[in-house]
2 protein chains.
Amino acid sequence: MSNQGQGCCAPLSEEPLAKEQAEEMATVFKALGDPVRLRLFSMIASGPSGEVCVCDLTPAFDLSQPTISHHLKLLRQAGLVDSERRGTWVYYRSRPETTDRMAALLASVSADRASAS
Amino acid sequence: MSNQGQGCCAPLSEEPLAKEQAEEMATVFKALGDPVRLRLFSMIASGPSGEVCVCDLTPAFDLSQPTISHHLKLLRQAGLVDSERRGTWVYYRSRPETTDRMAALLASVSADRASAS
DNA sequence: ACACAACATAGACAAACGTCTATACAACCT
DNA sequence: AGGTTGTATAGACGTTTGTCTATGTTGTGT
């Protein structure tokens, strides 16, 4: 099914991303791979006070409240945001560690690309 | 359904990511939101010569050749990679512009976060 | 011209996803 | 205590996604 070792091109040195690490990172990318979640995350991450109340997120979309809640849950499970209840309301804030990891991965790609030229 | 204007918290200044821009960027994130595609992209982006032959990508997975081809198509449609046929073989290379845009977006999130503290 | 190899496309199908309604839980306020 | 509001969970349902097999397309070599 392939011609490895027949001179097509140099064999890959090594997969730069191991299977397990790819699985983990893909979860994070997938979480941002939906327009609603991306906007939600964007609103949370750029909240003026570093956090945003769910009561301000929900009415910003033409979607039901449970749907927004579901999307927030996925963002939380991906490690992109954290939530805290204060009294009646729940506040979400971003977790820059996760964002930074993604940015670093993308930057390393560009770096590899640059060093190869 | 909400208490906007009742003192829950400051209303959002503005969605930092417009609907259309979110839609567009989400497509790119979604493309990397699958473990197989993320590994494919990683292999392509870190290819020693800046490009990788499909014939080296396909046997690296326990998946059928059409499945790999399909994933490569999605990466291409997302603007993450480009393909070129040379003779019998097809070579894929990454498009750093797209990667850089994603990194910039993630970095701006961190920046907003830092300036808010 | 013909056979063969690399890659892409088409169609089918189960699994995952995004959305909804209904309901539960938690906190506030008379 | 009881009613009301904010948020989460449960279950249902149509759509999208990831995978496969079968086939088409493009280039090579004899």
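Below, each value reflects all heavy atoms present in this structure, side chains not excepted, and no hydrogens, waters or symmetry copies.
Using a 4.0 Å heavy-atom cutoff across all strands shown, Phe61(B) reaches no nucleic acid atom at all. Across all strands shown, Thr88(A) has heavy atoms under 4.0 Å from sugar-phosphate atoms exclusively, and none from any base.
Annotation: cation-pi geometry satisfied between Arg86(B) and Tyr91(B) (NZ/CZ under 6.0 angstrom from ring centroid, within 45° of ring axis).
Side-chain N/O atoms of Gln65(B) and base N/O atoms of dA6(C) include no donor-acceptor pair closer than 3.5 Å.
Here Leu80(A) contributes atom CG and Phe29(A) contributes atom CZ; the two are 10.0 Å apart, rounded to the nearest 0.5 Å. A distance of 9.5 Å separates OG1 of Thr27(A) from CE of Met25(A), quoted to the nearest 0.5 Å. Atom-to-atom distance recorded for Phe41(A):CZ and Leu17(B):CG is 11.0 Å, nearest 0.5 angstrom. The structure places CD1 of Ile68(B) at 6.0 Å from OG1 of Thr58(B), a figure rounded to the nearest 0.5 Å.
Atoms CD (Glu84(B)) and C1' (dA6(C)) sit 16 Å apart, rounded to a whole Å. Atom CD1 of Ile44(A) and atom C1' of dT7(D) are 14 Å apart (whole Å). Atom CD1 in Ile68(B) sits about 16 Å away from atom C1' in dT21(D), given to the nearest Å. Taking atom CZ of residue Arg39(B) and atom P of nucleotide dG18(D), one finds them 16 Å apart after rounding to whole Å. In this structure, Phe29(A) atom CZ and dT17(D) atom P are separated by 18 Å, rounded to whole Å. The CG-C1' distance, from Asp56(A) to dT7(D), rounds to 14 Å in whole Å. Separating the CH2 atom of Trp89(A) from the P atom of dA8(D) is a distance of 14 Å, rounded to the nearest angstrom. Residue Gln77(B) contributes atom CD, which lies 13 Å from atom C1' of dT17(D) at whole-angstrom precision.
The side-chain hydrogen bond (donor to acceptor under 3.5 Å, both in side chains) test with Tyr92(A) singles out one residue from Glu84(A), Glu51(A), Arg76(A), and that residue is Arg76(A).
Contact check on Lys19(B) versus Glu24(B) returns no salt bridge, with no Lys/Arg side-chain nitrogen under 4.0 Å from an Asp/Glu carboxylate oxygen. Using a 4.0 Å cut-off between charged nitrogen and carboxylate oxygen, Glu23(A) and Arg39(B) do not count as a salt-bridge pair.
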For nucleotides 16-18 of chain C, which of its nitrogen or oxygen atoms have a protein nitrogen or oxygen under 3.5 Å away, and what is each distance?
| unit_1 | atom_1 | unit_2 | atom_2 | d |
| --- | --- | --- | --- | --- |
| dC17(C) | OP1 | Lys30(A) | NZ | 3.2 |
| dG18(C) | OP1 | Arg37(A) | NH1 | 3.4 |
| dG18(C) | OP1 | Arg37(A) | NH2 | 2.9 |
| dG18(C) | OP2 | Arg37(A) | NH1 | 3.2 |

**Complete:** Under the rule of Watson-Crick or G-U wobble with both distances under 3.5 Å, where | means paired to another strand and [ ] a crossing pair, DNA chain D maps to ||||||||||||||||||||||||||||||
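The side chain of Lys73(A) lies closest to dT9(D), out of dT9(D), dG27(D), dC7(C).
Of the two residues contacting DNA chain D, namely Arg85(A) and Pro66(A), the nearest-nucleotide position lying further toward the 5' end is that of Arg85(A).
A close approach under 4.0 Å does occur between a side-chain nitrogen or oxygen of Tyr92(A) and OP1 or OP2 of dA8(D).
Under the 4.5 Å side-chain heavy-atom criterion for Ile, Leu, Val, Met, Phe, Trp and Tyr, Val81(B) and Leu74(B) are members of distinct hydrophobic clusters.
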